[in-house]
Each structure stands twice: as structure tokens, then as C-alpha cells.
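Predicted, not measured: the structure shown is a model, and the values here were computed from it. FYI, side chains are in, hydrogens and waters are out, and symmetry mates aren't considered; it's all heavy atoms of this structure. Heads up: numbering here begins at 1 and tracks the sequence.
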Amino acid sequence: ATFLRQQGDLDGALNLCTEAAELRTKALGGEAFPSVAAITQNIGNIYFAQGQYSEAVSMYREALQTVIDTQGEETLLGATLMNNMGLCRAKQNEPKKVSTVT
């Protein structure tokens with residue numbers, strides 16, 4: 001997926017990431033794991049690159065909840081996800097939502 005994204009094939013990368021998230025979740029019995037959060041973050045990054053900021057925020061929020069559920073509230077990935085949500089809100093010109101990110 002990373003290769004496709006670097007080549008500009010954002011739709012192809014999105015399809016691969018979505019499939020990977022579904023397969024990993026199924027393989028893990030539907031449980032939330034940090035690896036699923038990382039894939040969900042990648043999906044958010046693709047949406048961000050496409051300018052689909054609301055969809056990106058949704059993916060970042062989902063990944064953040066998985067991180068909180070599996071690792072707690074104070075993690076590097078969690079901080080990165082909150083930053084990414086703030087960037088999306090800024091791109092959407094929603095400064096009041098930047099400070100809350102949710």
C-alpha cells in the first residue's frame with residue numbers, strides 16, 4: 001500500500017489498506033490490536049492525501065480509540081493521531097475544532 005501511495009495510486013493503496021484491516025481484524029477474532037490501529041491510521045493518511053478530511057478524521061478517531069483501548073491514553077501513536085486530527089480540522093478551516101480534535 002505504501003508503494004502504491006508513493007506512486008500516486010491512492011485508490012489502490014486505500015483498497016489494500018482496507019482489505020488488510022479487514023483481514024487482520026478477522027484473523028485476530030475481531031479484537032482491537034495496535035497493528036489494526038496502525039492500518040486504520042494509514043487509511044486516514046490516504047484520505048488526508050485525497051483531501052477527504054472528514055473521512056480522515058473518522059479513521060484517525062477509530063485508530064485512536066483502538067490505541068486507548070489497547071495501550072492507554074499516553075502513547076506516541078495516540079499523540080500522532082490527535083495531531084493528524086488537528087491538521088484535518090485546520091485544513092477544513094475549523095479552528096474551534098482543532099483544539100478539541102474529536
Side-chain angles (χ1 to χ4, degrees):
T2 301
F3 175 77
L4 291 175
R5 192 172 93 187
Q6 290 172 345
Q7 297 301 311
D9 184 1
L10 297 177
D11 291 332
L14 182 60
N15 289 337
L16 281 178
C17 283
T18 301
E19 185 176 335
E22 290 170 1
L23 289 172
R24 178 128 336 153
T25 300
K26 184 178 178 181
L28 297 171
E31 295 288 322
F33 281 91
S35 60
V36 175
I39 295 170
T40 306
Q41 177 192 22
N42 287 337
I43 294 170
N45 291 343
I46 294 166
Y47 281 133
F48 185 90
Q50 291 176 326
Q52 298 182 50
Y53 304 117
S54 293
E55 290 84 353
V57 168
S58 178
M59 292 294 101
Y60 294 145
R61 188 178 294 123
E62 182 179 328
L64 179 60
Q65 190 59 56
T66 300
V67 169
I68 290 170
D69 291 347
T70 60
Q71 299 177 322
E73 293 187 16
E74 295 184 16
T75 65
L76 181 58
L77 180 55
T80 299
L81 290 163
M82 287 187 279
N83 181 68
N84 290 353
M85 285 188 276
L87 291 172
C88 288
R89 296 302 188 195
K91 289 282 192 179
Q92 292 173 304
N93 201 22
E94 297 179 346
K96 290 183 180 180
K97 290 187 179 181
V98 170
S99 63
T100 61
V101 298
T102 58

N/O donor-acceptor pair under 3.5 Å between S58 side chain and S54 backbone
no

Heavy-atom closest pair, residues C88 and V57
CB-CG2, 3.4 Å

Value rounded to 0.5 Å, distance of OG1 in T18 from CG in L23:
11.0 Å

When rounded to the nearest 0.5 angstrom, what distance separates OH in Y53 from NZ in K91?
4.5 Å

To the nearest 0.5 Å, what is the distance between CD (E74) and CD1 (I68)?
10.5 Å

Mind listing the closest non-hydrogen atom pair of C17 and I46 along with its distance?
SG-CD1, 3.9 Å

Sequence neighbours left out, what pairs pass ring pair (Phe, Tyr, Trp, His ring centres under 6.0 Å) with at least one residue falling in residues 64-94?
none

Answer whether the closest heavy-atom distance between the side chains of Y47 and L14 falls below 4.5 Å.
yes

Could you check N84 against L87 for side chain to side chain contact (heavy atoms under 4.5 Å, CB included), going step by step and ending with a plain yes or no?
CA-CA 5 Å; N84 290 353; L87 291 172; 4.3 Å; yes

What residues, two or more places apart in sequence or in another chain, satisfy side chain to side chain contact (heavy atoms under 4.5 Å, CB included) together with Q71?
P34, V67, T75

Heavy atoms of other groups near E19 CD, more than 12 under 6.0 Å:
no

If you define the side chain from C-beta out and look only at heavy atoms, does anything of M59 sit under 4.5 Å from N42?
no

When rounded to the nearest 0.5 Å, the distance separating CZ of R61 from OG1 of T66 is 13.0 Å

I'd like to check I43 versus E62 (side-chain heavy atoms, cut-off strictly below 4.5 Å). Are they in contact?
no

Heavy-atom nearest pair, F48 first then Y60, reads CB-OH, 3.8 Å

Nearest non-hydrogen partners of A56 and G44, listed with the distance
CB-O, 3.4 Å

